[in-house]
Amino acid sequence: MTQKETSGGVVHDMPEDLRQALTSDAEALAVWQDLTPLARNEWICWTISVKKPETRKQHVERVCTELKDGMRRPCCWIGCIHRKDKPISPSVQYVLNRRSKKLS
């Protein structure tokens with residue numbers, strides 16, 4: 001499978017570092033291609049929403065590992081907050097509010 005054939009999400013484009021990791025791991029790529037676009041979007045968002053480069057590298061590596069372990073979505077992830085096609089759910093808004101208070 002070529003890089004152009006690796007599917008992204010519904011909001012986020014496929015970042016190059018994640019594309020490279022998936023295309024170098026046939027088993028993880030097969031699971032990735034079987035995910036819904038919304039599930040792929042959550043993995044991408046989970047990967048790109050971190051601040052430190054070393055954390056992002058860990059997330060990219062974990063995507064492949066966790067897909068091969070049978071996970072279809074990131075564990076404990078509140079979902080993509082970048083989607084503009086639907087309002088943020090009350091439960092996600094609660095989590096975001098708690099996070100912002102901790103950072104204050």
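All values derive from a computational prediction rather than experimental measurement.
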Visitor: Rounded to the nearest 0.5 Å, what separates atom CG in D17 from atom CZ in R56?
Guide: 4.0 Å
Visitor: Once side chain to side chain contact (heavy atoms under 4.5 Å, CB included) is applied, do any residues pair with T36, and if so which ones, sequence neighbours excluded?
Guide: L38, A39, R73
Visitor: Rounded to the nearest 0.5 Å, what separation is found between the CG atom of L67 and the CG atom of L29?
Guide: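 These two atoms lie 9.5 Å from each other.
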Visitor: Would you compute the distance between atom CD of Q58 and atom CD of E54 and round it to the nearest 0.5 angstrom?
Guide: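 Between Q58 CD and E54 CD, I get 7.5 Å after rounding to 0.5 Å.
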Visitor: CD1 of I44 to CH2 of W32: how many Å apart, nearest 0.5 Å?
Guide: 4.0 Å
Visitor: Please check: side-chain N/O of D25 versus main-chain N/O of E27, any donor-acceptor pairing under 3.5 Å?
Guide: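 A pair under 3.5 Å: yes.
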Visitor: So, the side chain of S49 versus the backbone of W46: is there a donor-acceptor pair under 3.5 Å, distance only?
Guide: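 No, the answer is negative, given that no donor and acceptor are paired below the 3.5 Å cut-off.
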Visitor: Quick check on D13: does its CG atom have over 12 non-hydrogen neighbours (other residues, nucleotides or ligands) under 6.0 Å away?
Guide: no
Visitor: For the side chain of R40 and the backbone of L35, is there at least one donor-acceptor N/O pair under 3.5 Å apart?
Guide: yes
Visitor: Please report the interatomic distance CG(L18) to CE(M14), rounded to the nearest 0.5 Å.
Guide: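 So the gap between those two atoms works out to 5.0 Å.
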Visitor: Of all the heavy-atom pairs spanning C64 and A21, show the shortest one and how long it is.
Guide: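 Closest approach of C64 to A21, heavy atoms only: SG-O, 3.7 Å.
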Visitor: Taking side chain to side chain contact (heavy atoms under 4.5 Å, CB included) as the definition, give me every residue that meets it alongside D34, ordered by chain and number, with sequence neighbours left out.
Guide: R72
Visitor: Looking at residues at least two apart in the chain, or sitting in another chain, which of them share a side chain to side chain contact (heavy atoms under 4.5 Å, CB included) with K57?
Guide: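 Once residues adjacent in sequence are excluded, the partners of K57 under the side chain to side chain contact (heavy atoms under 4.5 Å, CB included) criterion are E61.
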